[in-house]
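Step one of this worksheet: look at the structure below.
Chain identifiers are assigned alphabetically (A, B, ...) following the order of the sequence lines, protein sequences preceding nucleic acid strands; residue numbering begins at 1 within each chain.
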Amino acid sequence: MKGESLKGHLDLLILAVLAEAPRHGYAVIEELRERSGEVFDLGEGTVYPVLHRLERAGLLSSEWGDAGGRRRRSYRITAAGTAKLAVDRANWNRFVSGVAAVIGRSPWPSTP
Amino acid sequence: MAEYPLIDAYLATMDRQLSHRRDALELREEIADHLLESVARFTSLGLDPHHAQRSTLDRFGEPHIVAALLSTVPTKGIDMINALSRAIGVLSILTALSWVAAMVTFPIGFSDALIPTTDSGAAIASATAAAAALLTSLTLVALNIRTAGRVDALTSIVIVTGVLASTVAGAMPWAVPIWLLVLAVGLAVTFARDTRSPLGRGWVSIALLIVAPLGILLGGLALVVYNGSGMFITRTSQALAREATAQLITFEVLAALLASGFAVIAVRALASRSLAQPPEAFVPA
């Protein structure tokens, strides 16, 4: 799935990935690829503007560290980001359920 | 990083694309870290260095596209620029209005050319002149900080001239040539460095950098030469009237020039704030 198809959902995906642990940009992209079963085929350079925008919005924070002699910037979700993630996740689940109901398929992901 | 010439070339291209940003170095370091980690990953999977670099760059994207996307997110410093632009916009409006007020009150307080001055007229003209000097000084200082991004040596000069001009204007508002001349130094310094900025470009620079300071200087010199010649001792009533008219016209022209210049700066400053916002079409939200 190309980045264009993910437009509008990238904020939610990145917040979800960073909700578990702080990660640097490359690790965020790798995690997205792995979790999606390599379905998400992003232009990797396009993820950084999103990370920076989320940071400016106060949903992420970043800090610089050392990684094998290179400077590395890691991102961490903030309290505001966690709250935003909860809202967006609920909205997404409602949206998916609604679409599934309309097209006559079982809701996905199925919830008990 | 000579062992990865393709990565070096890519980063050099990004450097050129992002050179206008204050956080260009941080962006470069972050991208370099990503690219080198990706190359290491592909190499560990068995690719030779050349193909590992090719695959890495293919995945990362065209440099001009990535740079364009990165440019849609303002640098961290842009908040300060926005705040300063807003402050400059408001201060410039007040400065322009204060010079218009000075144009109106000068004839009733400092000049007998049109109507005889009165004590209350002088008090109003004094307060207006002092306010114009103070507001102009504050605007010039804000313009310098916006241009330099900090309080640098030239900004310090403008602060000193601003304090001097405002102090003299507050204590001796009737000594217009003195405080106006000090203010002219601040004007010249500010607009000499600001000729290419969005706020001070074009005729505003010409008016506030050359015409206004030169007019103030020539007006001040004319007064000094006139008083130094002793002509004022034997002047007739007609000469007195001509002198008052000349002073009034000089002040009105200079004040009009300053008022219109700062009005234009106000409009540009407030407009530049909206230009600093990221264009919605590029935000992948």
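- The part of Ile29(A) that comes within reach of chain B is its side chain, from C-beta onward, which places non-hydrogen atoms under 4.5 angstrom from that chain.
- When side chains are defined from C-beta on, Thr13(B) does not count as touching His64(B), because their heavy atoms never get closer than 4.5 Å.
- For Ile31(B), no part sits under 4.5 Å from any heavy atom of chain A, backbone or side chain.
- Note on Glu30(A) versus Arg35(A): no salt bridge recorded, every NZ/NE/NH1/NH2 to OD/OE distance being 4.0 Å or above.
- Looking only at distances, a side-chain donor or acceptor of Gln53(B) sits under 3.5 Å from a matching main-chain atom of Pro49(B).
- With a 4.5 Å cut-off on non-hydrogen atoms, Arg72(A) touches chain B through its backbone and its side chain both.
- Looking only at distances, no side-chain donor or acceptor of Ser92(B) sits under 3.5 Å from a matching main-chain atom of Gly89(B).
- No other option in Arg41(B), Glu30(B), Glu62(B) has as many heavy-atom pairs under 4.5 Å with chain A as Glu30(B).
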